[in-house]
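Just below is one structure, and these are the notes that go with it.
Remember, predicted model here, so these are calculated numbers, not experimental data. A, B, ... follow the sequence lines: proteins, then strands. Residue 1 opens every chain.
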Number of protein chains: 2
Amino acid sequence: MNLPIYRHLFNQLKDKILRGELKPGDMLQSENELAQQYSTSRLTVRKSLSMLDNEGFITSFPGKGYYIIEPDHSKYTLLFNELNSGSKNNLYSKLLGVNATNPDAAICQKLQISCDHKVVVILRLLYSNEGPIAYDVKYIPYDRGRPIVEKAIEYAALPDMVAKKSSPFAIKKELCIYIEKSNQEINKSLCLPESEPLLVVEQSLYDYENKPIGLGKTYYGGEHGKIRAYSNMRE
Amino acid sequence: MNLPIYRHLFNQLKDKILRGELKPGDMLQSENELAQQYSTSRLTVRKSLSMLDNEGFITSFPGKGYYIIEPDHSKYTLLFNELNSGSKNNLYSKLLGVNATNPDAAICQKLQISCDHKVVVILRLLYSNEGPIAYDVKYIPYDRGRPIVEKAIEYAALPDMVAKKSSPFAIKKELCIYIEKSNQEINKSLCLPESEPLLVVEQSLYDYENKPIGLGKTYYGGEHGKIRAYSNMRE
DNA sequence: AAGTGGTCTAGACCACTTT
DNA sequence: AAGTGGTCTAGACCACTTC
(Lines give C-alpha, C1' and ligand atoms only; values in the text may rest on other atoms or scores of the structure.)
Protein backbone atom coordinates (compact mmCIF):
# COMPACT_ATOMS: atom_id res chain seq x y z
CA MET A 1 0.00 0.00 0.00
CA ASN A 2 2.44 2.69 1.21
CA LEU A 3 0.04 5.57 0.75
CA PRO A 4 1.43 9.07 1.01
CA ILE A 5 0.83 10.66 4.41
CA TYR A 6 -1.72 13.16 3.16
CA ARG A 7 -3.70 10.36 1.53
CA HIS A 8 -3.65 8.35 4.73
CA LEU A 9 -4.90 11.26 6.83
CA PHE A 10 -7.54 12.06 4.21
CA ASN A 11 -8.82 8.47 4.29
CA GLN A 12 -8.95 8.40 8.08
CA LEU A 13 -10.90 11.64 8.34
CA LYS A 14 -13.26 10.73 5.49
CA ASP A 15 -13.89 7.41 7.15
CA LYS A 16 -14.78 9.09 10.43
CA ILE A 17 -17.24 11.30 8.57
CA LEU A 18 -18.85 8.42 6.64
CA ARG A 19 -19.14 6.31 9.78
CA GLY A 20 -20.81 9.21 11.59
CA GLU A 21 -18.09 9.62 14.21
CA LEU A 22 -17.79 13.19 12.94
CA LYS A 23 -21.18 14.81 12.34
CA PRO A 24 -22.24 17.99 10.53
CA GLY A 25 -21.37 20.99 12.72
CA ASP A 26 -18.53 19.23 14.51
CA MET A 27 -15.17 20.98 14.59
CA LEU A 28 -12.00 19.23 13.51
CA GLN A 29 -8.72 19.38 15.37
CA SER A 30 -6.52 22.29 14.34
CA GLU A 31 -3.90 21.94 11.63
CA ASN A 32 -1.11 22.08 14.21
CA GLU A 33 -2.69 19.38 16.38
CA LEU A 34 -3.14 17.07 13.40
CA ALA A 35 0.43 17.74 12.25
CA GLN A 36 1.72 16.73 15.67
CA GLN A 37 -0.50 13.64 15.89
CA TYR A 38 0.56 12.35 12.50
CA SER A 39 4.17 13.46 12.95
CA THR A 40 4.10 15.49 9.78
CA SER A 41 4.19 19.09 8.65
CA ARG A 42 1.35 21.56 8.55
CA LEU A 43 1.45 21.62 4.74
CA THR A 44 0.79 17.89 4.52
CA VAL A 45 -2.17 18.24 6.87
CA ARG A 46 -3.46 21.16 4.80
CA LYS A 47 -3.29 19.01 1.68
CA SER A 48 -5.57 16.41 3.28
CA LEU A 49 -7.98 19.04 4.55
CA SER A 50 -8.17 20.84 1.22
CA MET A 51 -9.13 17.54 -0.42
CA LEU A 52 -11.94 17.04 2.10
CA ASP A 53 -12.99 20.61 1.35
CA ASN A 54 -12.99 19.99 -2.41
CA GLU A 55 -15.16 16.92 -1.99
CA GLY A 56 -17.72 18.82 0.04
CA PHE A 57 -17.15 17.31 3.49
CA ILE A 58 -15.69 20.24 5.41
CA THR A 59 -15.24 23.98 5.28
CA SER A 60 -12.92 26.34 7.13
CA PHE A 61 -13.08 29.77 8.73
CA PRO A 62 -9.93 31.86 9.18
CA GLY A 63 -9.08 32.27 12.83
CA LYS A 64 -11.64 29.65 13.86
CA GLY A 65 -11.05 26.21 12.42
CA TYR A 66 -12.44 23.44 10.22
CA TYR A 67 -16.05 22.27 10.46
CA ILE A 68 -18.02 19.34 9.06
CA ILE A 69 -20.54 20.57 6.51
CA GLU A 70 -24.26 19.86 6.32
CA PRO A 71 -24.36 17.83 3.09
CA ASP A 72 -26.44 19.11 0.17
CA HIS A 73 -28.92 16.34 -0.50
CA SER A 74 -30.41 17.99 -3.56
CA LYS A 75 -27.35 17.84 -5.81
CA TYR A 76 -27.07 15.11 -8.46
CA THR A 77 -24.85 14.37 -11.41
CA LEU A 78 -26.55 13.65 -14.71
CA LEU A 79 -24.73 12.18 -17.69
CA PHE A 80 -26.39 12.95 -21.00
CA ASN A 81 -25.19 12.42 -24.53
CA GLU A 82 -27.82 11.86 -27.15
CA LEU A 83 -25.47 9.50 -29.02
CA ASN A 84 -24.51 7.43 -26.02
CA SER A 85 -27.76 6.72 -24.31
CA GLY A 86 -26.63 5.28 -20.98
CA SER A 87 -27.34 1.56 -20.93
CA LYS A 88 -27.22 1.01 -24.68
CA ASN A 89 -23.62 0.82 -25.76
CA ASN A 90 -24.16 0.46 -29.47
CA LEU A 91 -26.15 3.46 -30.55
CA TYR A 92 -26.26 4.33 -34.22
CA SER A 93 -27.39 7.49 -35.92
CA LYS A 94 -29.24 7.84 -39.20
CA LEU A 95 -29.60 11.21 -40.86
CA LEU A 96 -33.21 11.88 -41.82
CA GLY A 97 -32.78 15.34 -43.27
CA VAL A 98 -31.06 18.70 -43.14
CA ASN A 99 -32.50 22.00 -44.19
CA ALA A 100 -32.31 25.71 -43.57
CA THR A 101 -35.71 27.06 -42.60
CA ASN A 102 -37.50 29.53 -40.40
CA PRO A 103 -38.58 27.49 -37.39
CA ASP A 104 -41.63 28.24 -35.30
CA ALA A 105 -41.86 31.07 -32.81
CA ALA A 106 -41.06 28.95 -29.74
CA ILE A 107 -37.74 27.81 -31.20
CA CYS A 108 -36.85 31.34 -32.37
CA GLN A 109 -37.49 32.67 -28.92
CA LYS A 110 -35.27 30.07 -27.34
CA LEU A 111 -32.51 30.85 -29.81
CA GLN A 112 -33.07 34.59 -29.27
CA ILE A 113 -33.37 35.31 -32.97
CA SER A 114 -36.03 37.02 -35.05
CA CYS A 115 -38.56 34.93 -36.93
CA ASP A 116 -37.00 35.62 -40.34
CA HIS A 117 -33.60 34.34 -39.27
CA LYS A 118 -32.53 31.18 -41.08
CA VAL A 119 -31.86 28.15 -38.91
CA VAL A 120 -30.19 24.88 -39.87
CA VAL A 121 -32.41 22.01 -38.79
CA ILE A 122 -30.93 18.54 -38.52
CA LEU A 123 -33.19 15.52 -38.13
CA ARG A 124 -31.75 12.19 -37.00
CA LEU A 125 -33.01 8.84 -35.86
CA LEU A 126 -31.05 7.14 -33.08
CA TYR A 127 -31.32 3.38 -32.92
CA SER A 128 -29.72 0.26 -31.47
CA ASN A 129 -29.63 -3.30 -32.76
CA GLU A 130 -33.07 -3.81 -31.29
CA GLY A 131 -34.74 -0.89 -33.00
CA PRO A 132 -35.27 2.86 -32.79
CA ILE A 133 -34.43 4.59 -29.52
CA ALA A 134 -34.97 8.27 -30.08
CA TYR A 135 -35.77 11.00 -32.54
CA ASP A 136 -33.32 13.85 -32.51
CA VAL A 137 -33.67 17.42 -33.79
CA LYS A 138 -31.01 20.13 -33.75
CA TYR A 139 -31.55 23.82 -34.42
CA ILE A 140 -28.45 25.84 -35.20
CA PRO A 141 -28.68 29.53 -36.15
CA TYR A 142 -27.22 29.95 -39.62
CA ASP A 143 -24.85 32.85 -39.43
CA ARG A 144 -21.60 34.26 -38.12
CA GLY A 145 -19.71 32.20 -40.68
CA ARG A 146 -19.88 29.22 -38.38
CA PRO A 147 -19.25 26.26 -40.67
CA ILE A 148 -20.97 23.00 -39.87
CA VAL A 149 -18.74 20.18 -40.94
CA GLU A 150 -20.56 17.65 -43.10
CA LYS A 151 -19.29 14.64 -41.23
CA ALA A 152 -20.40 16.12 -37.94
CA ILE A 153 -24.01 16.29 -39.00
CA GLU A 154 -24.62 12.59 -38.88
CA TYR A 155 -22.37 11.40 -36.10
CA ALA A 156 -21.73 14.29 -33.70
CA ALA A 157 -23.33 15.39 -30.46
CA LEU A 158 -24.52 18.97 -30.28
CA PRO A 159 -21.52 20.46 -28.45
CA ASP A 160 -19.20 19.12 -31.13
CA MET A 161 -21.43 20.42 -33.94
CA VAL A 162 -21.10 23.98 -32.78
CA ALA A 163 -17.39 23.66 -32.01
CA LYS A 164 -15.95 27.06 -32.66
CA LYS A 165 -12.79 29.06 -33.00
CA SER A 166 -13.00 29.77 -29.31
CA SER A 167 -12.68 27.19 -26.55
CA PRO A 168 -14.87 24.13 -25.92
CA PHE A 169 -14.63 25.13 -22.24
CA ALA A 170 -16.44 28.40 -22.88
CA ILE A 171 -19.74 26.70 -23.73
CA LYS A 172 -22.54 26.91 -21.19
CA LYS A 173 -25.10 24.11 -21.33
CA GLU A 174 -28.58 23.57 -19.97
CA LEU A 175 -30.91 20.60 -20.06
CA CYS A 176 -34.66 20.66 -19.65
CA ILE A 177 -36.56 17.38 -19.39
CA TYR A 178 -40.32 17.30 -19.95
CA ILE A 179 -43.22 15.49 -21.58
CA GLU A 180 -44.43 16.44 -25.03
CA LYS A 181 -47.67 15.28 -26.56
CA SER A 182 -47.34 12.62 -29.20
CA ASN A 183 -46.23 13.80 -32.63
CA GLN A 184 -47.45 11.86 -35.61
CA GLU A 185 -44.19 11.92 -37.55
CA ILE A 186 -41.96 11.21 -34.57
CA ASN A 187 -44.12 8.43 -33.15
CA LYS A 188 -44.18 6.77 -36.55
CA SER A 189 -40.40 6.95 -36.85
CA LEU A 190 -40.04 5.40 -33.41
CA CYS A 191 -42.59 2.64 -34.17
CA LEU A 192 -44.79 3.82 -31.32
CA PRO A 193 -48.60 3.95 -30.99
CA GLU A 194 -49.94 7.25 -32.30
CA SER A 195 -51.06 8.53 -28.93
CA GLU A 196 -47.94 7.69 -26.91
CA PRO A 197 -46.46 10.71 -25.12
CA LEU A 198 -42.75 11.43 -25.58
CA LEU A 199 -40.05 12.26 -23.09
CA VAL A 200 -38.08 15.24 -24.38
CA VAL A 201 -34.54 16.14 -23.37
CA GLU A 202 -33.98 19.69 -24.54
CA GLN A 203 -30.37 20.81 -24.69
CA SER A 204 -29.49 24.51 -24.92
CA LEU A 205 -25.98 25.71 -25.67
CA TYR A 206 -24.68 29.23 -25.08
CA ASP A 207 -21.43 30.88 -26.07
CA TYR A 208 -19.13 33.01 -23.95
CA GLU A 209 -21.48 35.99 -24.18
CA ASN A 210 -24.50 33.85 -23.27
CA LYS A 211 -25.80 33.96 -26.83
CA PRO A 212 -27.66 30.76 -27.79
CA ILE A 213 -25.62 28.84 -30.33
CA GLY A 214 -27.62 25.67 -30.57
CA LEU A 215 -30.76 23.89 -29.44
CA GLY A 216 -31.27 20.15 -29.42
CA LYS A 217 -34.41 18.18 -28.72
CA THR A 218 -34.18 14.42 -28.25
CA TYR A 219 -37.50 12.56 -28.11
CA TYR A 220 -37.61 9.21 -26.30
CA GLY A 221 -40.58 6.87 -26.43
CA GLY A 222 -41.75 4.07 -24.17
CA GLU A 223 -39.14 2.15 -22.25
CA HIS A 224 -36.25 4.17 -23.64
CA GLY A 225 -37.34 7.34 -21.88
CA LYS A 226 -35.48 6.86 -18.62
CA ILE A 227 -33.07 9.60 -17.59
CA ARG A 228 -30.82 8.77 -14.66
CA ALA A 229 -28.81 10.86 -12.24
CA TYR A 230 -26.84 9.94 -9.14
CA SER A 231 -25.07 11.33 -6.16
CA ASN A 232 -22.50 9.59 -4.04
CA MET A 233 -20.11 11.00 -1.47
CA ARG A 234 -18.55 7.61 -0.90
CA GLU A 235 -16.53 7.10 -4.05
CA MET B 1 -8.05 43.82 -5.51
CA ASN B 2 -4.69 42.48 -4.26
CA LEU B 3 -5.36 38.87 -5.14
CA PRO B 4 -2.98 36.24 -3.78
CA ILE B 5 -0.38 35.15 -6.31
CA TYR B 6 -1.83 31.68 -6.79
CA ARG B 7 -5.24 33.21 -7.49
CA HIS B 8 -3.76 35.57 -10.04
CA LEU B 9 -1.94 32.80 -11.88
CA PHE B 10 -5.06 30.62 -11.75
CA ASN B 11 -7.17 33.38 -13.29
CA GLN B 12 -4.66 34.04 -16.06
CA LEU B 13 -4.41 30.38 -17.05
CA LYS B 14 -8.17 29.80 -16.83
CA ASP B 15 -8.70 32.86 -18.99
CA LYS B 16 -6.31 31.55 -21.63
CA ILE B 17 -8.24 28.27 -21.66
CA LEU B 18 -11.67 29.92 -21.89
CA ARG B 19 -10.50 32.27 -24.66
CA GLY B 20 -9.13 29.31 -26.60
CA GLU B 21 -5.49 30.43 -26.46
CA LEU B 22 -4.81 27.09 -24.79
CA LYS B 23 -6.65 24.22 -26.45
CA PRO B 24 -7.29 20.62 -25.38
CA GLY B 25 -4.10 18.62 -25.82
CA ASP B 26 -1.80 21.61 -25.39
CA MET B 27 0.97 21.36 -22.83
CA LEU B 28 1.46 23.99 -20.15
CA GLN B 29 4.81 25.41 -19.14
CA SER B 30 6.54 23.46 -16.41
CA GLU B 31 6.12 24.31 -12.75
CA ASN B 32 9.65 25.69 -12.58
CA GLU B 33 9.17 27.90 -15.65
CA LEU B 34 5.94 29.32 -14.27
CA ALA B 35 7.54 29.89 -10.86
CA GLN B 36 10.31 31.89 -12.51
CA GLN B 37 7.94 33.86 -14.74
CA TYR B 38 5.74 34.87 -11.84
CA SER B 39 8.67 35.33 -9.44
CA THR B 40 7.20 32.90 -6.96
CA SER B 41 7.86 29.48 -5.51
CA ARG B 42 7.01 26.12 -7.01
CA LEU B 43 4.45 25.49 -4.27
CA THR B 44 2.46 28.57 -5.19
CA VAL B 45 2.43 27.51 -8.83
CA ARG B 46 1.34 24.01 -7.82
CA LYS B 47 -1.56 25.51 -5.85
CA SER B 48 -2.83 27.27 -9.00
CA LEU B 49 -2.40 24.17 -11.12
CA SER B 50 -4.13 21.89 -8.63
CA MET B 51 -7.12 24.24 -8.70
CA LEU B 52 -7.28 24.04 -12.50
CA ASP B 53 -7.06 20.26 -12.12
CA ASN B 54 -9.90 20.19 -9.58
CA GLU B 55 -12.11 22.21 -11.90
CA GLY B 56 -11.51 19.84 -14.78
CA PHE B 57 -9.37 22.00 -17.04
CA ILE B 58 -6.02 20.25 -16.88
CA THR B 59 -4.37 17.01 -15.87
CA SER B 60 -0.77 16.07 -15.17
CA PHE B 61 1.57 13.18 -15.83
CA PRO B 62 4.60 12.57 -13.61
CA GLY B 63 7.80 13.14 -15.52
CA LYS B 64 5.95 14.72 -18.44
CA GLY B 65 3.97 17.81 -17.58
CA TYR B 66 0.53 19.42 -17.47
CA TYR B 67 -1.92 19.13 -20.33
CA ILE B 68 -5.22 20.77 -21.21
CA ILE B 69 -8.05 18.25 -20.97
CA GLU B 70 -10.71 17.43 -23.53
CA PRO B 71 -13.81 18.66 -21.65
CA ASP B 72 -16.57 16.19 -20.84
CA HIS B 73 -19.63 17.58 -22.54
CA SER B 74 -21.99 14.97 -21.18
CA LYS B 75 -21.79 15.91 -17.49
CA TYR B 76 -24.53 18.03 -15.92
CA THR B 77 -25.55 19.08 -12.45
CA LEU B 78 -29.17 18.49 -11.47
CA LEU B 79 -30.72 20.02 -8.38
CA PHE B 80 -33.73 18.10 -7.10
CA ASN B 81 -35.68 18.45 -3.92
CA GLU B 82 -39.31 17.46 -4.04
CA LEU B 83 -40.15 20.19 -1.52
CA ASN B 84 -38.28 22.98 -3.28
CA SER B 85 -39.31 22.62 -6.88
CA GLY B 86 -36.87 24.94 -8.63
CA SER B 87 -38.71 28.04 -9.81
CA LYS B 88 -41.49 27.92 -7.22
CA ASN B 89 -40.15 29.32 -3.97
CA ASN B 90 -43.21 28.79 -1.86
CA LEU B 91 -44.00 25.14 -1.97
CA TYR B 92 -46.29 23.67 0.64
CA SER B 93 -46.91 20.10 1.58
CA LYS B 94 -50.16 18.49 2.62
CA LEU B 95 -50.21 15.02 4.13
CA LEU B 96 -52.78 12.82 2.41
CA GLY B 97 -52.17 9.64 4.31
CA VAL B 98 -49.73 7.30 6.04
CA ASN B 99 -50.03 3.56 6.34
CA ALA B 100 -48.01 0.42 6.68
CA THR B 101 -48.83 -2.00 3.88
CA ASN B 102 -47.40 -4.57 1.52
CA PRO B 103 -46.74 -2.66 -1.68
CA ASP B 104 -46.82 -4.18 -5.15
CA ALA B 105 -44.08 -6.40 -6.51
CA ALA B 106 -42.31 -3.66 -8.46
CA ILE B 107 -41.79 -1.56 -5.34
CA CYS B 108 -40.70 -4.59 -3.30
CA GLN B 109 -38.14 -5.45 -5.91
CA LYS B 110 -36.72 -1.93 -5.91
CA LEU B 111 -36.51 -1.99 -2.12
CA GLN B 112 -35.00 -5.48 -2.25
CA ILE B 113 -37.46 -6.88 0.24
CA SER B 114 -39.81 -9.83 0.16
CA CYS B 115 -43.46 -9.27 -0.67
CA ASP B 116 -44.65 -9.84 2.91
CA HIS B 117 -42.38 -7.15 4.31
CA LYS B 118 -44.25 -4.19 5.77
CA VAL B 119 -43.53 -0.82 4.19
CA VAL B 120 -44.48 2.62 5.44
CA VAL B 121 -46.19 4.52 2.64
CA ILE B 122 -46.49 8.29 2.88
CA LEU B 123 -48.74 10.18 0.50
CA ARG B 124 -48.40 13.93 0.12
CA LEU B 125 -49.69 16.66 -2.13
CA LEU B 126 -47.23 19.43 -2.98
CA TYR B 127 -48.76 22.75 -3.95
CA SER B 128 -48.01 26.44 -4.39
CA ASN B 129 -50.27 29.48 -4.06
CA GLU B 130 -51.50 28.84 -7.58
CA GLY B 131 -52.54 25.25 -7.04
CA PRO B 132 -51.25 21.69 -6.90
CA ILE B 133 -47.78 21.01 -8.28
CA ALA B 134 -47.04 17.38 -7.62
CA TYR B 135 -48.17 14.17 -5.99
CA ASP B 136 -45.56 12.57 -3.81
CA VAL B 137 -45.25 9.00 -2.52
CA LYS B 138 -42.57 7.62 -0.22
CA TYR B 139 -41.92 3.95 0.51
CA ILE B 140 -39.81 3.23 3.57
CA PRO B 141 -39.14 -0.35 4.72
CA TYR B 142 -40.54 -0.72 8.22
CA ASP B 143 -37.85 -2.38 10.27
CA ARG B 144 -34.46 -2.13 11.88
CA GLY B 145 -35.94 0.07 14.60
CA ARG B 146 -35.59 3.08 12.36
CA PRO B 147 -37.97 5.61 13.88
CA ILE B 148 -39.73 7.99 11.55
CA VAL B 149 -40.25 11.25 13.33
CA GLU B 150 -43.84 12.43 13.12
CA LYS B 151 -42.96 15.99 12.16
CA ALA B 152 -40.75 14.76 9.38
CA ILE B 153 -43.56 12.99 7.63
CA GLU B 154 -45.31 16.09 6.45
CA TYR B 155 -42.50 18.54 5.89
CA ALA B 156 -39.31 16.60 5.18
CA ALA B 157 -37.55 15.53 2.01
CA LEU B 158 -36.74 11.84 1.68
CA PRO B 159 -33.08 11.98 2.75
CA ASP B 160 -34.09 13.67 5.99
CA MET B 161 -36.88 11.14 6.63
CA VAL B 162 -34.45 8.26 6.69
CA ALA B 163 -31.83 10.19 8.66
CA LYS B 164 -30.07 7.59 10.70
CA LYS B 165 -27.64 6.99 13.49
CA SER B 166 -24.90 6.85 10.91
CA SER B 167 -23.77 9.75 8.76
CA PRO B 168 -25.83 11.76 6.27
CA PHE B 169 -22.75 11.55 4.04
CA ALA B 170 -23.00 7.77 3.78
CA ILE B 171 -26.24 7.86 1.80
CA LYS B 172 -26.06 6.99 -1.88
CA LYS B 173 -28.79 8.48 -4.05
CA GLU B 174 -30.14 7.82 -7.51
CA LEU B 175 -32.75 9.56 -9.59
CA CYS B 176 -34.69 8.10 -12.50
CA ILE B 177 -36.93 10.35 -14.57
CA TYR B 178 -39.59 8.86 -16.81
CA ILE B 179 -43.17 9.06 -18.02
CA GLU B 180 -45.94 7.13 -16.31
CA LYS B 181 -49.41 6.61 -17.71
CA SER B 182 -52.10 8.70 -16.11
CA ASN B 183 -53.35 7.50 -12.75
CA GLN B 184 -56.93 8.25 -11.88
CA GLU B 185 -56.32 9.14 -8.25
CA ILE B 186 -53.18 11.18 -8.88
CA ASN B 187 -54.58 13.07 -11.86
CA LYS B 188 -57.64 13.97 -9.85
CA SER B 189 -55.53 15.25 -6.97
CA LEU B 190 -53.52 17.38 -9.36
CA CYS B 191 -56.65 18.75 -11.10
CA LEU B 192 -55.53 17.28 -14.40
CA PRO B 193 -57.52 15.71 -17.25
CA GLU B 194 -57.93 11.98 -16.72
CA SER B 195 -55.73 10.95 -19.62
CA GLU B 196 -52.79 13.31 -18.98
CA PRO B 197 -49.46 11.47 -18.65
CA LEU B 198 -47.30 12.21 -15.62
CA LEU B 199 -43.61 12.95 -15.31
CA VAL B 200 -42.16 10.83 -12.52
CA VAL B 201 -39.01 11.58 -10.60
CA GLU B 202 -38.09 8.40 -8.78
CA GLN B 203 -35.59 8.80 -5.96
CA SER B 204 -33.77 5.77 -4.55
CA LEU B 205 -31.72 5.94 -1.35
CA TYR B 206 -29.13 3.40 -0.26
CA ASP B 207 -27.23 3.02 2.97
CA TYR B 208 -23.54 2.36 3.47
CA GLU B 209 -23.95 -1.30 2.53
CA ASN B 210 -25.94 -0.41 -0.59
CA LYS B 211 -29.16 -1.59 1.00
CA PRO B 212 -32.20 0.36 -0.18
CA ILE B 213 -33.52 2.48 2.68
CA GLY B 214 -36.13 4.52 0.90
CA LEU B 215 -37.92 5.06 -2.39
CA GLY B 216 -39.68 8.24 -3.42
CA LYS B 217 -41.86 8.89 -6.44
CA THR B 218 -42.86 12.44 -7.25
CA TYR B 219 -45.48 12.84 -9.99
CA TYR B 220 -45.60 16.12 -11.92
CA GLY B 221 -48.39 17.05 -14.31
CA GLY B 222 -48.60 19.46 -17.21
CA GLU B 223 -46.46 22.59 -17.04
CA HIS B 224 -44.93 21.65 -13.70
CA GLY B 225 -43.10 18.66 -15.11
CA LYS B 226 -39.90 20.40 -16.15
CA ILE B 227 -36.66 19.06 -14.71
CA ARG B 228 -33.59 21.20 -15.32
CA ALA B 229 -29.87 20.54 -15.26
CA TYR B 230 -26.90 22.66 -16.18
CA SER B 231 -23.19 22.64 -16.80
CA ASN B 232 -20.87 25.57 -16.77
CA MET B 233 -17.08 25.68 -16.67
CA ARG B 234 -17.07 29.46 -16.54
CA GLU B 235 -18.20 30.15 -13.02
C1' DA C 1 21.92 13.16 -17.31
C1' DA C 2 18.53 16.51 -17.18
C1' DG C 3 13.96 17.79 -16.64
C1' DT C 4 9.30 16.75 -14.95
C1' DG C 5 5.75 16.30 -11.50
C1' DG C 6 4.75 14.13 -6.49
C1' DT C 7 5.76 14.40 -1.75
C1' DC C 8 7.53 16.60 2.22
C1' DT C 9 10.11 19.68 5.74
C1' DA C 10 10.81 23.69 8.64
C1' DG C 11 10.31 27.59 8.87
C1' DA C 12 7.92 32.65 8.15
C1' DC C 13 4.39 36.55 8.25
C1' DC C 14 -0.39 37.90 7.90
C1' DA C 15 -5.41 38.64 9.21
C1' DC C 16 -8.59 36.89 11.92
C1' DT C 17 -11.06 35.10 16.31
C1' DT C 18 -11.14 34.04 21.06
C1' DT C 19 -9.94 34.92 25.79
C1' DA D 1 -1.75 37.41 23.94
C1' DA D 2 -2.44 33.10 22.05
C1' DG D 3 -4.32 30.27 18.69
C1' DT D 4 -6.38 29.66 14.07
C1' DG D 5 -6.31 29.25 9.12
C1' DG D 6 -4.23 31.70 4.58
C1' DT D 7 -0.22 32.60 2.03
C1' DC D 8 4.47 31.93 0.86
C1' DT D 9 9.66 30.72 0.75
C1' DA D 10 13.64 27.81 -0.11
C1' DG D 11 15.02 24.11 0.06
C1' DA D 12 14.98 18.47 -0.31
C1' DC D 13 14.40 13.59 -2.20
C1' DC D 14 11.78 10.49 -5.12
C1' DA D 15 9.96 8.15 -9.43
C1' DC D 16 9.24 8.97 -13.84
C1' DT D 17 10.12 10.42 -18.87
C1' DT D 18 13.04 12.13 -22.46
C1' DC D 19 17.24 12.47 -24.78
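At a threshold of 4.0 Å, the pair A/Glu21-A/Arg19 counts as salt-bridged, since one of the basic side-chain nitrogens sits closer than that to a carboxylate oxygen. A salt bridge links A/Glu31 to A/Arg46: at least one charged side-chain nitrogen sits closer than 4.0 Å to a carboxylate oxygen.
Within the 4.0 Å cut-off from OP1 or OP2 of C/dG6, at least one side-chain nitrogen or oxygen of B/Ser60 is found. Distances shown here put every side-chain N or O of B/Ser41 at or beyond 4.0 Å from the OP1 or OP2 atom of D/dG11.
When both distances must be under 3.5 Å, the Watson-Crick or G-U wobble mate of D/dC16 is C/dG3. The base-pairing partner of D/dG11, taking Watson-Crick or G-U wobble contacts with both distances under 3.5 Å, is C/dC8.
Nearest approach of B/Ile113 to B/Val119, heavy atoms of both residues: CD1-CG2, 3.4 Å.
In this structure, the CZ atom of A/Phe61 is 13 Å from the C1' atom of D/dT4, given to the nearest Å. As rounded to whole Å, 10 Å separates atom C1' of C/dG3 from atom CE of B/Met27. For the pair B/Tyr6 OH and D/dG5 C1', the computed distance is 12 Å after rounding to whole Å. Atom pair B/Glu31:CD and C/dT7:P shows a separation of 11 Å (rounding to whole Å applied). Between the P atom of D/dT9 and the NZ atom of B/Lys47 lies a distance of 14 Å, rounded to the nearest Å. Straight-line distance from the CG atom of B/Asn32 to the P atom of D/dT9: 14 Å, rounded to whole Å. Remark: P of C/dT17 and OH of A/Tyr66 are 16 Å apart, rounded to the nearest angstrom. Rounded to whole Å, the distance from CG on B/Leu34 to P on C/dG5 is 8 Å.
The residue B/Thr44 sits close only to the backbone: its heavy atoms come under 4.0 Å of sugar-phosphate atoms, none of a base. Residue B/Ser30 is in sugar-phosphate contact alone, with no base atom involved, counting any heavy-atom pair closer than 4.0 Å across all strands shown.
Heavy-atom neighbours of B/Gln109 CD from other residues, nucleotides or ligands within 6.0 Å: at or below the threshold of 12.
Of the N and O atoms on the side chains of A/Gln203 and B/Tyr76, at least one donor lies less than 3.5 Å from an acceptor on the other residue.
Closest to the side chain of B/Glu33, out of C/dT4, D/dT9, C/dT7, is C/dT4. Distance from the side chain of B/Arg46 is smallest for C/dG5 among the nucleotides D/dT4, C/dC8, C/dG5. Side-chain proximity of B/Ile5 to the nucleotides D/dT4, D/dG6, D/dT9 is greatest for D/dT9. Set against C/dG6, D/dG6, D/dT7, the side chain of B/Pro4 has D/dT7 as its closest nucleotide.
Annotation: of the two residues near DNA chain C, A/Leu43 and A/Lys64, the 5′-most nearest-nucleotide partner is A/Leu43.
At a cut-off of 3.5 angstrom, counting only N and O atoms as typed in the model, there is a donor on one side and an acceptor on the other between the side-chain of B/Arg42 and the base of C/dG6.
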